[in-house]
Amino acid sequence: MFRKEVSISETYKPQEVEKKLYSFWEEKGFFKPDSDPQKPSYCIVIPPPNVTGTLHMGHALNVTLQDILIRWKRMLGYSALWVPGTDHAGIATQNVVERQLLQEGINRYQLGRTAFLEKVWKWKESCGGIIIEQLKRIGASCDWSRLRFTMDEGLSEAVKEVFLRLFEEGLIYRDLRLINWCPRCHTALSDLEVEHEELEGKLYYIKYPLKEDPKKFITVATTRPETMLGDTAVAVNPEDKRYKNLIGKILILPLINREIPIIADSVVDMEFGTGAVKVTPCHDFNDAEIAQRHNLPYVCVINEEGIMTENAGKYKGLERYEARKRIINDLTELGLLEKTEKHKHAVGCCYRCKTVIEPFQTVQWYVKIKPLAEEAVRVVQEGRIKFIPEGWVNNYYAWMRDIKDWCISRQLWWGHRIPVWYCTKCKTSDGNEQGDLIEVLFYKPITLNGKEIWGGSFNELRSYGISKEEIEQRAKIIKIPKEIKHFASREEPKNCPYCGSEELIQDPDVLDTWFSSALWPFSTLGWPQQTEDLKRFYPTDVLVTGFDIIFFWVARMIMMGMKFMKDVPFRDVYIHALVRDSKGQKMSKSKGNVIDPLVMIEKYGADAFRFTLAAFAAQGRDIRFSEERVEGYRHFINKIWNAMKFIMNFAHLRTKEEVKLEDLKSFKERWILSKLSDAIYETNRALEAYRFNDAAGAVYHFLWHEFCDWYIELSKVILYSDKEDKEETVNCLFYVFENILKLLHPFMPYVTEEIWLNILGKDNSIMISPYPTYDLVGKDEDAIYRMEQIIEAISGIRSIRGELNIAPSLAVDVYIKSLDSQTEEILNDGHHFILKLAKVRSLKIQRDISRAKGSAVSVKKNFEIYIPIKGLIDIEQEKKRLLKELQKVEQDIGFLNKKLMNEDFIRNAPKEVVRKDKEKYEELLIKHDKIKENLSIIEELIN
RNA sequence: GGGCGGAUAGCUCAGAUGGGAGAGCGCAGCCCUUACAAGGCUGAGGUCACAGGUUCGAUACCUGUUCCGCCCACCA
């Protein structure tokens with residue numbers, strides 16, 4: 001009835017089936033959520049990879065875990081939706097394109113804004129599909145019809161909407177501050193985008209002469225001597241006795257001979273350096289704070305490019321590190337460099353290009369974050385969002401507590417442009433037009449009537465007849481002072497709402513990439529439109545991501561979700577590990593230790609690779625990826641394949657799809673079903689707790705060590721006999737195997753589907769078959785007990801054979817003395833299994849057995865095994881074996897004895913524990929005697 | 001300067017709520033037995049980093065130490 005003619009290949013060949021099956025699933029629309037409104041929903045949104053990127057190990061792990069969850073839930077009957085998408089990745093992508101341009105010898109400013117953006121879009125199109133194709137190779141069952149991109153029309157709408165609403169509420173504002181500036185990327189960075197790197201630097205001790213007596217000095221210590229040109233004070237601690245009488249006096253700043261005061265501020269650490277600190281408000285965050293308190297002037301000596309400005313006097317035009325060298329030289333010549341010390345300190349670097357960041361004073365856009373953060377902390381405290389493993393919440397809280405306003409503007413071109421416009425005609429308070437205050441700088445001059453124009457105020461440039469568009473296209477820098485009137489708008493405005501003028505200019509900056517990512521869980525579902533998807537799938541169920549973006553992304557999604565959806569964006573946050581190389585090193589291109597997931601897939605197949613990642617994904621620890629492990633799981637797939645081949649030999653004997661525990665006659669069938677029940681329970685429970693490794697381990701163990709090692713071996717006794725009724729065994733083999741396939745499918749989608757569909761010949765995909773749940777099959781404790789006895793007997797015999805080196809070709813005679821009638825019955829019931837699996841020629845099982853002299857012995861709880869070995873092997877060997885066992889038993893007895901003699905143990909330990917130990921002790925004593933007895937018989941034989 | 005995580009077999013790692021430690025790979029011995037040598041069977045291999053403490057009992061809980069790794073932080 002189930003007979004189906006198929007040709008089964010020797011081994012599983014992933015390359016031949018993966019592509020075919022994936023297209024099949026996709027064409028059938030299995031990745032789409034079920035539209036049945038009765039079904040509960042389950043939703044995951046993918047952490048969007050960089051649209052121009054390629055797949056790395058981190059993605060592979062991330063995607064595999066999500067796919068396991070989504071396939072599992074889909075099979076459990078949920079309407080499961082996994083929303084895919086990609087991120088425009090502002091700086092990263094722009095950098096790549098800029099680097100390409102550099103190869104042609106041009107930069108983005110030469111190209112102009114529009115032309116450059118065209119290039120980036122082209123680049124995006126040229127590689128935008130790659131990452132998606134790679135996700136598919138892993139087997140990701142995303143609903144590709146819902147694929148989104150952070151800069152597509154809908155998501156751009158969402159970004160605008162959010163910006164406008166926050167702006168209107170006063171939660172977005174502009175301000176002039178010191179910010180982290182990357183001189184290479186030419187943009188501001190948020191605090192998070194600065195990586196602190198511990199570097200071996202130098203501490204320079206520089207003497208500043210006193211004005212009233214230039215022979216006297218104060219010595220300051222600094223790691224950045226080049227910034228001294230911008231010093232506007234020297235600060236000491238008010239308590240510092242060394243300097244107390246100098247407070248208020250004037251110093252002459254060397255090299256440029258500017259006068260600066262000595263001030264007192266309690267943040268100065270008396271212990272460090274000389275206890276006197278040079279204050280450079282324009283180029284140091286601390287100093288800026290000191291300057292605020294003391295109302296010090298700001299002197300900027302380093303510009304956007306990291307080049308010294310005209311305030312640097314004769315050092316103008318020098319690159320910052322070159323200037324440092326010159327200044328040290330000059331100070332040495334002047335005798336003002338007291339000494340130089342080695343000094344380790346943390347230097348802030350750009351997270352994208354590793355350039356040392358420069359604190360720089362500019363006007364930027366900020367999000368007032370406190371009100372959003374408070375709400376985001378609350379929902380986690382209330383347990384509405386759970387972190388797994390939960391240890392991460394502490395990190396989350398810590399960061400949220402001291403969170404600073406989020407700098408969201410970037411001086412880039414690739415990204416969502418800030419929807420704010422400035423009027424150049426509106427008047428400022430002192431009667432000027434605002435456009436006069438806007439400073440424009442070109443990368444290369446515009447030639448007008450033979451005159452080179454490098455820049456100027458906006459209005460000035462317009463008066464030369466340079467168009468607004470040209471200014472926007474060609475400007476390298478457009479500085480718009482903080483005071484200038486502005487307004488936000490959804491659409492490009494025609495007129496200034498204040499004065500009606502048409503002379504408007506849009507903010508040149510774009511938003512931080514993470515601004516759009518923060519909206520991801522609802523923007524991808526259609527917000528701000530009130531779509532069906534949004535109603536059905538928000539809040540999503542789980543976010544699966546790495547710990548490195550908890551602050552960048554997770555926290556911000558929670559804030560934005562609460563703000564705009566009034567609900568959490570997801571209920572669980574599963575934080576997975578970082579994938580390192582086998583030596584524990586972070587993978588990086590520069591180290592050359594990157595393992596390409598696609599190479600793994602090609603070599604071992606997607607299933608083996610996925611299973612490896614799942615098996616590695618224990619909570620709370622980084623993964624040291626090892627290829628050997630993948631190889632090991634390829635062997636596992638081979639095992640599945642071979643088991644299938646075996647079973648398929650009997651397909652024609654199958655009579656039933658379903659098998660019920662109650663209907664089964666033999667203990668071995670009842671046993672394997674009970675074990676299946678355990679495996680089902682373990683797998684589901686582990687997945688519910690995001691314990692992927694345990695889930696993978698449970699199925700692995702069941703398939704290999706219970707189903708293959710025991711059940712298949714037992715079944716051969718039936719199947720290769722011509723007397724036995726094979727129906728029940730065959731039905732069970734198939735039934736259990738099919739359930740294993742289902743259990744495995746979320747982990748190994750391809751091989752399970754290949755077998756299911758093309759070999760078992762099922763008429764529908766395994767991915768929409770019902771996942772086994774704990775109530776599917778019951779458990780039969782009696783069968784489990786019986787099987788344990790049989791296993792013990794077989795193992796006992798095998799152990800003797802193995803340890804005494806009895807060749808497998810030698811069939812032995814075995815006598816089993818059972819200690820009770822029940823055991824006798826059980827062993828007799830299974831005697832043909834023992835015969836076959838232990839390679840026994842004749843087997844006698846009785847309560848009163850007379851045992852032949854010169855037998856090897858194994859003592860079990862309920863029975864003893866005797867194997868006459870006289871003539872088979874050297875008796876001495878058996879003696880050695882028994883002595884070894886005796887030693888082990890005596891050791892155990894000693895230990896238990898000590899424990900049981902301890903009155904405190906008897907009194908305090910749970911009764912159950914005491915009872916068990918006593919029982920064990922009794923058994924060991926008996927065993928001990930038996931071994932002794934056997935030893936003495938052996939002695940006799942030898943002598 | 002704070003905070004977090006790790007230290008278990010030769011290697012890579014599991015060990016929910018304390019009762020003499022497990023897997024995979026590797027290693028040794030024996031096997032090409034009619035699903036599978038990418039396999040089977042049998043073994044060897046561990047003072048669970050160190051020192052204290054709590055407990056009848058600690059690899060697990062507490063304290064301290066050492067060695068790794070990470071995150072955060074304005075010592076110039």
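Quantities reported herein were computed from a predicted structural model and do not represent experimental measurements. Reminder, nothing fancy here: chain letters follow the sequence lines and each chain counts from 1.
- A donor and an acceptor atom, one from each side chain of A/Tyr351 and A/Glu193, are located under 3.5 Å apart.
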### Task
In sequence, state the C-alpha distance, the side-chain angles, and the governing distance for A/Glu631 and A/Lys603, and then conclude on salt bridge (Lys or Arg N to Asp or Glu O under 4.0 Å).
CA-CA 9 Å; A/Glu631 214 179 322; A/Lys603 255 172 109 172; over 6 Å; no
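- Among the protein residues, A/Ala643 comes within range of the nucleic acid bases, having at least one heavy atom under 4.0 Å from a base atom.
- When each of B/U42, B/C56, B/A38 is scored by its nearest atom to the side-chain atoms of A/Asp904, the top-ranked nucleotide is B/C56.
- Within 4.0 Å (heavy atoms only), A/Asp709 reaches sugar-phosphate atoms of the nucleic acid but no base atom.
- Base contact: A/Lys716 has a heavy atom under 4.0 Å from a base atom.
- Minimum atom distance to the side chain of A/Arg629 is reached by B/G24, of the listed B/A38, B/G24, B/G19.
- Using a 4.0 Å heavy-atom distance criterion, A/Tyr700 is classed as a sugar-phosphate-only contact.
- Cation-pi geometry between A/Lys716 and A/Phe646 is satisfied (NZ or CZ under 6.0 Å from the ring centre, within 45° of the ring normal).
- Between A/Lys645 and A/Glu10, at least one side-chain nitrogen of the basic residue sits less than 4.0 Å from a carboxylate oxygen of the acidic one, meeting the salt-bridge criterion.
- Looking at A/Lys645, its side chain has no donor and acceptor atom pair within 3.5 Å of the base of B/C36.
- Within the nucleic acid shown, A/Arg691 comes within 4.0 Å of sugar-phosphate atoms alone, with no base atom in reach, counting heavy atoms only.
- A/His283 comes within contact range of no nucleotide atom at all, as no heavy-atom separation falls under 4.0 Å.
- For B/C31, the OP1/OP2 oxygens have no side-chain nitrogen or oxygen of A/Ser809 closer than 4.0 Å.
- Look at A/Arg915 and A/Glu919 and you find a salt bridge, because one of the NZ, NE, NH1 or NH2 atoms lies within 4.0 Å of a carboxylate O, short of that distance.
- Here the side chain of A/Lys836 is nearest to one of B/G43, B/U34, B/G19, namely B/U34.
- Rounded to an integer number of Å, the gap from CD of A/Glu713 to P of B/G39 is 14 Å.
- Taking the ring axis of A/Phe551 as reference, the NZ or CZ atom of A/Arg556 does not stay both within 45° of it and closer than 6.0 Å to the ring centre.
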### Task
Determine, for nucleotides 69-76 of chain B in 5'-to-3' order, which nucleotides have protein heavy atoms under 4.0 Å from the base (write B), from only the sugar-phosphate (write S), or from neither (write -).
S----BBB
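- Every stem involving RNA chain B, taken as at least 3 paired positions in a row under the Watson-Crick or G-U wobble test at 3.5 Å, is listed here: B:1-7 with B:66-72, B:10-13 with B:22-25, B:27-31 with B:39-43, B:49-53 with B:61-65.
- With a glycosidic angle no more than 90° from 0, B/A16 adopts the syn conformation.
- Counting any heavy atom pair closer than 4.0 Å across all strands shown, A/Asn394 reaches no nucleic acid atom.
- Take A/Trp710 and apply the ring pair (Phe, Tyr, Trp, His ring centres under 6.0 Å) test, not counting sequence neighbours, and it matches no residue.
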### Message
The test is salt bridge (Lys or Arg N to Asp or Glu O under 4.0 Å); show your working for A/Glu688 and A/Arg685 and say whether it passes.
### Response
CA-CA 5 Å; A/Glu688 271 156 27; A/Arg685 199 181 57 150; over 6 Å; no
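- Closest to the side chain of A/Lys639, from the set B/G40, B/C30, B/G19, is B/G40.
- Comparing atom distances between the A/Phe905 side chain and each of B/C56, B/A38, B/G29 picks out B/C56 as nearest.
- As judged by a 4.0 angstrom heavy-atom cut-off over every strand, A/Phe616 is placed among residues touching the sugar-phosphate backbone only.
- As judged by a 4.0 angstrom heavy-atom cut-off over every strand, A/Asn805 is placed among residues touching the sugar-phosphate backbone only.
- Across B/U42, B/C56, B/U12, the shortest atom-to-atom separation from the side chain of A/Arg798 is found for B/U42.
- Across all strands shown, A/Ile712 has heavy atoms under 4.0 Å from base atoms, whether or not it also approaches the sugar-phosphate.
- Salt bridge absent: A/Glu890 and A/Lys888 never bring a charged side-chain N and a carboxylate O closer than 4.0 Å.
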